[in-house]
Undergrad: 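The structure follows.
Since the structure is predicted, the reported quantities are computational estimates derived from the model, not experimental observations. If you read the sequence from its start, that first residue is 1, and numbering goes on from there.
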Amino acid sequence: MSASSALRRGAARLAAATLVSGLVAAGLMATAGVAAATPTPQNEGGATATMGGLKTYGAAVVHDGGTDEQVSAGLFEMSVDDGGTLQTYCIDIHNPAQKDAKYQETPWSGTSLSGNKNAGKIRWILSHSYPQVNDLAALAAEAGAKGLTEQDAAAGTQVAIWRYSDEADVDAVDPQAEKLADYLQKHARDLPEPAASLTLDPPAVSGHPGERLGPVTVRTNADGVTMIPPADAATSGVKIVDKNGTEITSAADGERIYFEVPKKALDGSAGVTVQASTTVPVGRAFASETRSQTQILAGSSESTVSAAATANWAGTGAIPALWAEKNCAKGGVDITAVNKGDEAFTFTLMGLSHTIPAGRTQIVTIPLQEDQAYDFTIKGSDGYEKWFKGVLDCRTESSTGGLRAQTVSGPSPATVGGTAATDTNLAETGTSNVTPFIAGTAIALVVIGGATLLLLRNKQQPTRD
């Protein structure tokens, strides 16, 4: 695709996103008695990583409408925050990858895999090919290939994945890599979505002082997690305890934890972070905070994963707990609001008023357009903050009409097949010479769409004795 046509597409996306950004800026205004809270960015738990680049790759050709475009196809490498390395394949051939983009482990429901009937086959491919299968001679024999290099294996695996993730008409350039791609596509079977490496469920709770707020269930494939207690635990008296009320500093998969709040505590909030060291399950999706192509995990070293949960409490009034999740099936972001107070919690969303009675839960969806960046904060007058940020990336280009794979800016076809150098040229699937423009677009969307949305109190909370 030419640079000029890419620019036109980018401008159209920016215009559409700007319209929706204005709606998001209208966002949330609420009236409720809300306790002060520690600001916590949106985080669904698991591994957070930074894009390094395409490391082991070959060449592929995308066919569309009588035209052929050559792209690089293979394994990316990402560095995990606080330690670890991930290997991933692309499941979004039509969009560029941004070097140094931040990625978060994400449920399939928050990516283009939502509603993809072949998502389970992609996981099968990942589990039965390189790098999970590193005996290349055996893999070649299974595929009927004469032999496979690492580059051939990576290219063939990526091509097979694209056929299911993007419904792309794509072939590997190397004949042996093509044999592998055909074998994987033919033999793929449905597998279920893998569980997250680490989550806390739910990520927010609320209640009254003197209660154990929760439970929050730890879900992880690690042997156990370590607690990082509330920052002001020493002065607030808030403790993280188990079901028996015993203070704990670690927990195992399936264990329920609670915030124990002193009876005389002033209205407020606290947060807890849990960390673990584990390998991230193959098949977990990774979505970027910016407009950078979605990835799926092919391999993981021992890596640091984390998750966070918050608790709010107050003596009287509405006591909400809020969290957000992308919902590609609905085309937006779901905000879950739980009210554990003794008064109704009322807020306005997109010009509509929503009331959650005492003791009830409601999910409200913020509708967004594809590629829409969102960045907004729900604030309370006592310092309560909830920050929601991301990009709605739910569809591949083929699902929106027409294949438009972008040409790669990286090694020429003559050099494809080697291991990528770690320089500023990001030799990546879907990367084009308009990458700086798209990166700028993503930043512009955040600026335009960003808004601080005030959660107003309808009365001052009383001081507890």
Side-chain angles (χ1 to χ4, degrees), residues 27-38 40 42 199-219 230 236-245 255-272 308-325 327 330 333-350 352-366 378-386 388 453-465:
L28 294 171
M29 296 193 73
T31 57
V34 181
T38 302
T40 304
Q42 181 184 357
T199 60
L200 292 177
D201 181 28
V205 294
S206 60
H208 295 89
E211 299 176 345
R212 291 179 194 160
L213 309 187
V216 175
T217 303
V218 176
R219 305 193 188 281
S236 69
V238 176
K239 300 177 181 178
I240 305 301
V241 301
D242 63 15
K243 62 182 181 180
N244 298 318
E255 189 168 346
R256 294 182 172 187
I257 64 175
Y258 300 79
F259 294 81
E260 187 172 81
V261 182
K263 188 173 183 179
K264 293 186 177 181
L266 300 177
D267 296 353
S269 71
V272 64
T310 58
N312 296 328
W313 60 87
T316 59
I319 315 174
L322 304 173
W323 65 91
E325 295 176 298
N327 186 333
K330 293 183 180 178
V333 175
D334 284 343
I335 294 181
T336 301
V338 179
N339 182 11
K340 291 290 187 178
D342 51 24
E343 293 181 6
F345 172 54
T346 300
F347 63 95
T348 300
L349 172 63
M350 309 292 273
L352 298 176
S353 180
H354 302 269
T355 298
I356 305 170
R360 299 288 295 276
T361 298
Q362 183 174 328
I363 299 175
V364 179
T365 302
I366 300 178
I378 299 173
K379 276 192 173 183
S381 59
D382 284 342
Y384 174 95
E385 290 191 2
K386 275 291 186 178
F388 306 117
L453 308 170
L454 299 181
L455 186 62
L456 303 176
R457 299 169 60 101
N458 60 3
K459 63 179 180 179
Q460 183 69 29
Q461 290 296 325
T463 300
R464 306 283 295 175
D465 294 327

Undergrad: Can you name the closest pair of heavy atoms from Ala309 and Phe259 and give their distance?
TA: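 Answer, listing the atom of Ala309 first, then Phe259: O-CZ, 3.8 Å.
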
Undergrad: So how far is it from Lys340 NZ to Ile319 CD1, rounded to the nearest 0.5 Å?
TA: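 One finds 10.0 Å between NZ of Lys340 and CD1 of Ile319.
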
Undergrad: Going through the checks in order, is the side chain to side chain contact (heavy atoms under 4.5 Å, CB included) test met by Ile257 and Asp242?
TA: CA-CA 5 Å; Ile257 64 175; Asp242 63 15; over 6 Å; no

Undergrad: Compare every heavy atom of Pro215 with every heavy atom of Pro202, then report the nearest pair and how far apart it is.
TA: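 Looking at all heavy atoms of both residues, the shortest contact is CD-O, 3.5 Å.
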
Undergrad: Below 4.5 Å, heavy atoms only, C-beta onward: do Val238 and Pro262 meet side chain to side chain?
TA: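 Yes, close enough: below the 4.5 Å cut-off.
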
Undergrad: For the residue pair Val364 and Gln362, what are the closest heavy atoms and their distance?
TA: CG2-NE2, 3.6 Å

Undergrad: What distance do Glu260 atom CD and Glu211 atom CD have between them, rounded to the nearest 0.5 Å?
TA: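 It comes to 11.5 Å.
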
Undergrad: Does any part of the side chain of Trp323, heavy atoms only, come nearer than 4.5 Å to the side chain of Val338, both counted from C-beta?
TA: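 When only atoms from C-beta onward are counted, Trp323 and Val338 do touch, with a gap below 4.5 Å.
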
Undergrad: Side-chain contact test, heavy atoms from C-beta onward, threshold under 4.5 Å: evaluate it for Ile240 versus Pro230 and give yes or no.
TA: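 Counting from C-beta outward, Ile240 and Pro230 do come under 4.5 Å.
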
Undergrad: Heavy atoms only: give me the nearest Asn244-Arg212 pair and the separation to one decimal.
TA: O-NH2, 3.6 Å

Undergrad: Is any side-chain heavy atom of Leu200 less than 4.5 Å from a side-chain heavy atom of Val218?
TA: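 A side-chain contact under 4.5 Å exists here.
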
Undergrad: Looking at Ile356, is its backbone amide N or carbonyl O close enough to the side chain of Asn339 to form a donor-acceptor pair, meaning the two atoms are under 3.5 Å apart?
TA: yes

Undergrad: Look only at the side chain of Trp313 and the backbone of Leu266, and say whether a donor-acceptor pair between them is shorter than 3.5 Å.
TA: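 At least one qualifying donor-acceptor pair exists.
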
Undergrad: Checking the side chain of Asn312 only, and the main-chain atoms of Pro320 only, is there a donor and an acceptor separated by less than 3.5 Å?
TA: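 Looks like yes, one N/O pair under 3.5 Å.
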
Undergrad: Check whether any side-chain N or O of Asp342 sits under 3.5 Å from a backbone N or O of Ala358 as a donor-acceptor pair, and report yes or no.
TA: no

Undergrad: Taking all heavy atoms of Ala337 and all of Leu322, pick out the closest pair and write down the distance.
TA: CB-CD2, 3.3 Å

Undergrad: Nearest 0.5 Å please: distance from the CD atom of Glu343 over to the OG1 atom of Thr355.
TA: 12.5 Å

